[in-house]
2 protein chains.
Amino acid sequence: MQQIMAENLSEKNNPVSCRSAFQTKCGNCRLNSICLPIALQEPDLDSLDRVIHRNKPLRKGEHVFRENDNFTAIYAIRSGFVKAYRLTDDGKEQVTGFYFPGEIIGLDGISQNKHSVSAKALETAAICEIPFEDAEALSSRFPSMQRHLFSLMSQEIIQDQQLITLLSKNTAEERISALILSISDRNAARKLSPTSFRLPMSRTDIGNYLGLTVETVSRVFSRFQKNGTLEVNNKEITILDIDQLRGIVTSEA
Amino acid sequence: MQQIMAENLSEKNNPVSCRSAFQTKCGNCRLNSICLPIALQEPDLDSLDRVIHRNKPLRKGEHVFRENDNFTAIYAIRSGFVKAYRLTDDGKEQVTGFYFPGEIIGLDGISQNKHSVSAKALETAAICEIPFEDAEALSSRFPSMQRHLFSLMSQEIIQDQQLITLLSKNTAEERISALILSISDRNAARKLSPTSFRLPMSRTDIGNYLGLTVETVSRVFSRFQKNGTLEVNNKEITILDIDQLRGIVTSEA
DNA sequence: CGAAGTGTTGACTAAACTCAAGTACTGTGG
DNA sequence: CCACAGTACTTGAGTTTAGTCAACACTTCG
């Protein structure tokens, strides 16, 4: 407690414009148009601000939460990238999703009161924490917040179902095209280049997520490179022919 | 009570014990321990009863709702079986789930205000309809109801993620074993035999759901029949060696 | 620098798919 | 109640895609 007070004091000396990113308020956050704040208007936004903890950034490999942790909060990604995964019965890892700045994670824990997946930072990541009790209280108070939380969960369901379709019906090339286009879209939502970006995850993670081996992922990238669809430079990707990619996912098979 | 007599008249020669299922109240419903009513205690249960529409049963092949229908309500399955599916961009069907009596469908529609899947009766099915407005109102009034709806959605997420893992990591035999065990468990929850039951869906639907071709599904059933794991008689299944099945899904690979 | 991790490429293999043919149900109309 | 049509299911033979195993190259970082 003492410690927290001390931190808060030191925070007061910082000029407003230079405050460390993890101390910014929702009202000023660059991501507020795609994150939780879109559920609330200005005066009510303070209620949200008041309950959010802006913890110190996680380093690569550190966990936001782990499978079976008690479910106490949901989390908004402010910067960095997070992967969610679970361990199968026989101890293998299954990557269930990649999450980008502005996205909310942790909603999986509601039903069982504990998390059903682990969430790990793929690189340094700043995370906002919203205790679920508070989120529930805000939901009861502001219908738009209740609606938004329902909506987030339902979006997660839709996303999972899209992945199911991908895994169940599509070839390796189709799966990888779909992932690249998804990343491209999410970059666009954050006003970043939709055609040139760095993949935050390893080939192994991609393969794991898409139900493919590393070798297959690597081969598909090589093939895309060779036929001029992508420029691949390690994790740096440039989409050269986006229509080609779109054609592949729409499974012209 | 008067009403009941009247209903019985119209039901012709049915004895009292056979009242048409779709007129029962939640308080008397055989499924209330696994369905929405578990969220509420007796006096409050009336509020739920008051908003539920018990429509006339659907016949095989009729839809509860269709993809892109406006989202107006969620639905509880009282009897019969329902499959959920969506059409992929290129017009193929993707089965996303099978639903059993006592289960809730339609929550997928919340975020976009329209349904993301179609839901179709696999055989005659009685469905309870709860307008979502009313469900939301009940949720604001009864925290346990809000919690239960959150919980249902989060369960759906977890289920989808399990399916993702299945599709991404497991062989044909593992997938089919998992489906059979899931059906067995859900039968047990409804106090039906966990080892002997009729599959409500076709081989084609199973294959579609599990990302396999009909032929592969058929071959796996034959193999299980041959090696004494199952007795398969068309859609009638008897589990002869449940530990064998469990062993297969726990992927001793 | 060197070790460990990460990614690429090749040769071979296996699981599931496709195509094809045939059998068994199911439901409808005579 | 049977005959028939149409669908659903099964089985076999051959093919294909992605997986496995193995060797090697490139990063990254202590």
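Order of the sequence lines fixes the chain letters, A, B, ..., with proteins taken first and strands second; residue numbering starts at 1 for each chain.
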### Message
Could you tell me how far apart Lys169(A) (NZ) and dA18(D) (C1') are, to the nearest whole angstrom?
### Response
18 Å
### Nearest-Å distance for atom pair CD/C1', residues Glu215(B) and dG22(C)
13 Å
### Query
Rounded to whole angstroms, how far apart are CD on Glu123(B) and C1' on dA8(D)?
17 Å
### Message
What is the distance, to the nearest angstrom, from the CZ atom on Arg203(B) to the P atom on dA24(C)?
### Response
15 Å
### Task
Go through dG10(C), dT26(C), dA18(D) for me and flag the one nearest to the Arg198(B) side chain.
dT26(C)
### Query
Using 4.0 Å as the upper bound for N to carboxylate O, is an ion pair formed by Glu123(A) and Lys60(A)?
no
### Task
Tell me whether the OP1 or OP2 atom of dT9(C) has a side-chain N or O from Arg219(A) closer than 4.0 Å.
no
### Task
Look at all strands and tell whether Gly207(A) reaches a base, only sugar-phosphate, or nothing, counting heavy atoms closer than 4.0 Å.
nothing
### Message
Distance check needed: dG7(C) C1' versus Phe221(A) CZ, whole Å only.
### Response
11 Å
#### Entry: Atom pair distance, as rounded to whole Å: CD1 in Ile206(B) and C1' in dT10(D)
14 Å
### Message
Please compare Met201(B) and Lys226(B) by the position of their nearest nucleotide in DNA chain D and report the one closer to 5'.
### Response
Met201(B)
### Task
Quick one: label Ser218(A) by what it contacts on the DNA or RNA (base, sugar-phosphate, nothing), any heavy atom closer than 4.0 Å.
base
### Euclidean distance, atom CG of residue Leu167(B) to atom C1' of dA18(D) [Å, nearest integer]
16 Å
### Message
Taking only side-chain N and O atoms of Thr216(B), does any of them lie within less than 4.0 angstrom of OP1 or OP2 on dC17(C)?
### Response
yes
### Query
Quick one: Asn234(A) CG to dA25(D) C1', roughly how many Å, whole number?
12 Å
### Pair Lys120(B) + Glu93(B): basic N to acidic O under 4.0 Å
no
### Message
When you measure from the centre of the six-membered ring of Phe221(A), is the NZ or CZ of Arg203(A) closer than 6.0 Å and no more than 45° off the axis?
### Response
yes
### Task
Assign Lys235(B) to base, sugar-phosphate, or nothing according to its heavy-atom contacts below 4.0 angstrom with the strands shown.
sugar-phosphate
### Query
Within the structure, does a side-chain N or O atom of Thr213(B) lie under 4.0 Å from either OP1 or OP2 of dC17(C)?
yes
### Query
Should the ring pair Phe71(A) and His115(A) be called parallel, tilted or perpendicular, given that the plane angle runs from 0 to 90° and is split at 30 and 60?
perpendicular
### Query
Say you draw a straight line from SG of Cys128(A) to CD1 of Ile74(A); how long is it, rounded to the nearest 0.5 Å?
11.0 Å
